[in-house]
Structures are given as structure tokens and as C-alpha cells.
Amino acid sequence: AASGDELRKRLKGTVSAPPPADAPAAPSMAPAPGDAAALAALARAAAPAAAPRGAGGAAVPTFRVGSEEITRIVAGSCTWQLNSKDGARADDVARRACAAHTVVGIRTFDCGDIYAGVEELVGRFLATARGQSRALADSVRLHTKVVPDDEALDARQRSDGEAESADDARRRELALERCVEASVWRSANRLGVGRLDLVYLHWWDWSKEGFVGAVRALEALKARGVVKDVGLTNVDVSRLRPLLEEEDGPEIACVQVNLS
């Protein structure tokens with residue numbers, strides 16, 4: 001079994017220095033001036049006096065995940081209510097929230113390819129922000145998830161007792177690899193970037209084969225520079241340990257676990 005030190009080394013969870021004092025100013029776009037000021041005041045009141053602070057005055061401790069330094073607080077997006085009756089207003093409120101997070105120093109956004117409308121919304125926010133403060137927009141770190149669809153997973157399965165040639169096995173692997181790559185490029189296009197900072201693989205059905213192949217597909221995209229780092233979600237110790245113990249195994253930068 002992998003030791004605790006080995007797991008920590010592979011998962012890279014270390015605390016590092018605060019962001020520079022000359023962090024770029026916030027864009028003048030949404031939120032309205034009072035929104036950002038109120039959030040910053042609340043953050044200052046709740047934060048320890050010795051904590052490092054960002055441009056908006058909020059405490060923004062950071063740590064290293066893979067090759068990137070990110071804020072310890074990450075802006076999640078799964079629960080954003082974007083499908084309300086007043087879609088235009090919901091979109092505007094959510095983009096103001098993106099700007100407010102960025103203003104106070106929370107510059108890491110967690111998205112997902114199956115979170116309806118989220119990647120497009122963050123992409124629109126970043127496109128607007130780049131026009132007003134390119135440095136600030138470029139300081140945002142984008143994390144998202146790949147969730148292979150049923151069709152790709154079903155194509156990867158074999159019937160019980162089914163004999164399989166090497167060619168058949170490779171065709172199954174290619175179907176899954178294409179699904180993973182298509183999802184990554186779709187997310188990058190929605191977010192308006194050429195490279196994603198961190199992509200998690202979410203393997204939702206453990207009764208189906210292909211998990212290791214999907215991890216390898218993300219590793220291949222990392223080698224090509226499409227993805228900076230690879231992470232996992234919905235994975236337990238029994239699934240994670242073999243990957244970490246494997247010689248020349250994949251480099252897993254982060255594991256997102258369920259604490260709720």
C-alpha cells in the first residue's frame with residue numbers, strides 16, 4: 001500500500017506564499033461598485049488579521065495544485081440556478097457573481113461539462129473582463145470535469161464471456177479516447193481558452209470498464225499541452241491506490257472528494 005507521505009507527495013497539497021502585493025486592479029464591469037465593496041468588507045471582517053490579502057482586501061491564502069498556485073477557496077458553480085424563468089436576469093446575476101469573486105481575490109472557478117450553461121457563462125464573463133483588465137482575467141484559473149457519456153461507455157463494454165481481438169480492444173479504447181478529447185475541447189471552446197488549467201475525470205458508473213483508459217486519454221492531452229493538470233472525482237481509495245502505486249503511472253494533481 002502507498003504510504004501517507006507517498007500519497008501526499010503525489011497529490012501535491014502544500015501551502016505556499018501569498019499572491020504579490022501588486023495584483024492587478026479589478027475590472028470596472030459588473031458587479032456594481034457597491035457589490036464588490038460589500039463583499040470585501042464582509043471578507044475582511046471574517047478573516048484573520050495575519051492572512052494574506054488580495055486586491056479587494058479579502059483573505060486569499062493559496063496552495064499548489066499540480067503545476068499551478070490557486071486560491072484555497074474555489075468558486076463552485078454546480079448549484080448556480082441558471083434555468084430560472086428569467087434566464088437573462090439569472091445570467092447577469094451569475095456574471096456579476098463571477099466578477100465579485102474575482103475582485104476579492106477568489107480567482108479559481110470549478111466548472112463541469114454537464115453543468116448546464118456554466119462553462120459558457122464563465123467564458124462570457126472572461127471575454128468581457130479581458131477587454132477591461134487582461135491581467136486580471138488571465139489570473140483566473142479554470143477547472144472543469146469530463147463525464148464520459150453513456151454511448152461512449154457502452155461502446156467500451158464487452159458481453160460476458162465475449163472473446164476480443166487486439167483490433168476490437170483498440171477500437172473500444174479509441175471510442176473512449178475520442179469522447180474524452182471531444183469533451184475537453186468542447187469545454188475549452190465554451191470557456192474561450194486554448195488550455196484548461198485542471199480537468200477532473202468523473203467516472204460515474206463503476207460497473208463499466210474504461211476508467212484507466214480515460215485517465216490515460218487525459219494524460220495524453222496534458223502531454224499535448226491542451227490540459228495543464230489531471231484530477232479525479234467520485235473515486236475512493238481502492239480505485240486511487242493502484243494508480244498511485246503503478247510504476248510510471250499517471251500524475252494525479254488533485255482528488256476532489258465528497259464531504260457533504
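Residues Ile252 and Trp206 fall within the same hydrophobic cluster, defined by Ile, Leu, Val, Met, Phe, Trp and Tyr side chains chained together at heavy-atom separations under 4.5 Å. Trp185 and Val230 end up in the same hydrophobic cluster when Ile, Leu, Val, Met, Phe, Trp and Tyr side chains are linked at under 4.5 Å. Hydrophobic clustering (ILVMFWY, side-chain heavy atoms < 4.5 Å, transitive): Val257 and Val237 are in distinct clusters.
Smallest separation of non-hydrogen atoms from His202 and Pro148: O-CD, 3.6 Å. The shortest heavy-atom contact between Ile106 and Ala75 is CG2-N, 4.0 Å. Between Ala137 and Arg130, the shortest heavy-atom contact is CB-CG, 3.5 Å. For Arg239 against Val235, the heavy-atom pair with the smallest separation is CB-CG2, 3.4 Å.
Here the CZ-OG1 distance, from Phe109 to Thr102, works out to 4.0 Å after rounding to the nearest 0.5 Å. In this structure, the separation between CG on Leu240 and CD on Glu245 is 9.5 Å, given to the nearest 0.5 Å. To the nearest 0.5 Å, atom NZ of residue Lys145 and atom CG of residue Leu198 are 9.0 Å apart. Atom-to-atom distance recorded for Leu121:CG and Cys111:SG is 9.0 Å, nearest 0.5 angstrom. Expressed to the nearest 0.5 Å, how far CG of Leu176 lies from CD of Glu209 amounts to 11.0 Å. Between the CD1 atom of Ile73 and the NE2 atom of His101 there is a distance of 9.0 Å, given to the nearest 0.5 Å.
The residues Arg95 and Glu120 are annotated as not salt-bridged, no charged nitrogen and carboxylate oxygen being separated by less than 4.0 angstrom. Electrostatic pairing of Asp113 and Arg190 does not count as a salt bridge here, judged by no charged N lying under 4.0 Å from a carboxylate O. Salt bridge Glu181/Arg224: present, at least one basic N to carboxylate O contact under 4.0 Å. Salt-bridge formation is detected for the pair Lys222/Glu251: a Lys NZ or Arg NE/NH1/NH2 atom is positioned less than 4.0 Å from an Asp or Glu carboxylate oxygen.
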Working for salt bridge (Lys or Arg N to Asp or Glu O under 4.0 Å), residues Arg195 and Glu68:
CA-CA 13 Å; Arg195 179 169 62 174; Glu68 287 287 337; 5.9 Å; no
Does Thr62 form a side-chain contact (heavy atoms from CB on, under 4.5 Å) with Ile70? I'd like the steps, not just the answer.
CA-CA 5 Å; Thr62 63; Ile70 70 167; over 6 Å; no
Are Leu221 and Leu218 close enough, and set up right, to give a side-chain contact (heavy atoms from CB on, under 4.5 Å), and what steps lead you there?
CA-CA 5 Å; Leu221 291 170; Leu218 283 177; 4.3 Å; yes
How far apart are the C-alpha atoms of Tyr200 and Leu232, what are their side-chain angles, what is the distance that settles it, and do they pass the side-chain contact (heavy atoms from CB on, under 4.5 Å) test?
CA-CA 5 Å; Tyr200 294 98; Leu232 299 173; 5.6 Å; no
CA sep, side-chain torsions, deciding dist, call: Arg107, Leu136, side-chain contact (heavy atoms from CB on, under 4.5 Å)
CA-CA 9 Å; Arg107 297 177 186 164; Leu136 184 64; 3.4 Å; yes
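Taking the side chain to side chain donor-acceptor pair (under 3.5 Å) definition, one finds that Glu177 meets it with Arg170, sequence neighbours left out. By the side chain to side chain donor-acceptor pair (under 3.5 Å) test, Asp229 pairs with Ser67, sequence neighbours left out. Under the rule for a side chain to side chain donor-acceptor pair (under 3.5 Å), the partners of Asp138 that lie at least two apart in sequence or sit in another chain are Arg134.
For Trp203 (side chain) and Thr233 (main-chain N/O), no donor-acceptor pair under 3.5 Å exists by modelled atom type. For the pair Ser133 (side chain) and Ala129 (backbone), a donor-acceptor distance under 3.5 Å is absent.
Residues Thr144 and Leu142 are not in side-chain contact: their nearest non-hydrogen atoms beyond the backbone lie 4.5 Å or more apart. Looking at Val65 and Asp197, their side chains never come closer than 4.5 Å, going by heavy atoms from C-beta outward. Counting heavy atoms from C-beta on, the side chains of Phe211 and Leu243 come closer than 4.5 Å. Counting heavy atoms from C-beta on, the side chains of Val140 and Leu126 come closer than 4.5 Å.
Checking Thr71 against Thr108 by side-chain atom types alone, a donor-acceptor pair falls below 3.5 Å.
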